[in-house]
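Note that ligands are numbered from 1 as they come in the structure, with each ligand's atoms numbered from 1 the same way.
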Amino acid sequence: MSISKTNPRLDHIAIAVHSLEEALPFYEELGLTRLEIEVVEEQGVRVAKLDIGNTHIELLEPLSPDTPVGKFIAQKGPGLHHICIGVSDIEDNLCQLKQRGTKMINETAKVGAGGAKIAFVHPKATGGVLLELSQPRGE
Ligand code: ZN
């Protein structure tokens, strides 16, 4: 994968939880700072963003059982949901991935937390991990 030319970085690690209110105290007691809680309707989640050094942990609470994260929890229980690589030109990445025939969840960019442009790559293409690409708003 040549996404390296866009200077990728670990943007966040996302953990699916039943309840932000139940999950947050553990992380806050570890010393992580809660930055914000945001409802992302398009992804069907409530997201708590925690600062951890130069990256973030996001706790994802499903808005309802029929959302992707709700179905994930129903099938597998709470747990590691995806990792996110921050990129500076997601349209270029999506174009390249399409040319290679990479199995995608999103062929085109969607709106994610903080107004970022995001797209998910299918675990079959990544070594078994759901992978999000994210271009922050304003980049
Ligand atoms: Zn994410």
Regarding C84, does it place an N, O or S atom less than 2.8 Å from the Zn ion (ligand 1)? no

Please tell me whether E132 and H12 have a donor and an acceptor in their side chains that are separated by less than 3.5 angstrom. yes

Sidechain N-carboxylate O distance under 4.0 Å for R46, E21: yes

Provide the atom name of the closest N, O or S atom of E132 relative to the Zn ion (ligand 1). OE1

Take R34 and E28 through the test side-chain contact (heavy atoms from CB on, under 4.5 Å) and record every step on the way to the result. CA-CA 7 Å; R34 186 199 309 191; E28 293 184 313; 2.9 Å; yes

Rounded distance (nearest 0.5 Å) linking atom CG of L97 with atom CG of L133: 6.5 Å

N, O or S of H82 under 2.8 Å from the Zn ion (ligand 1): yes

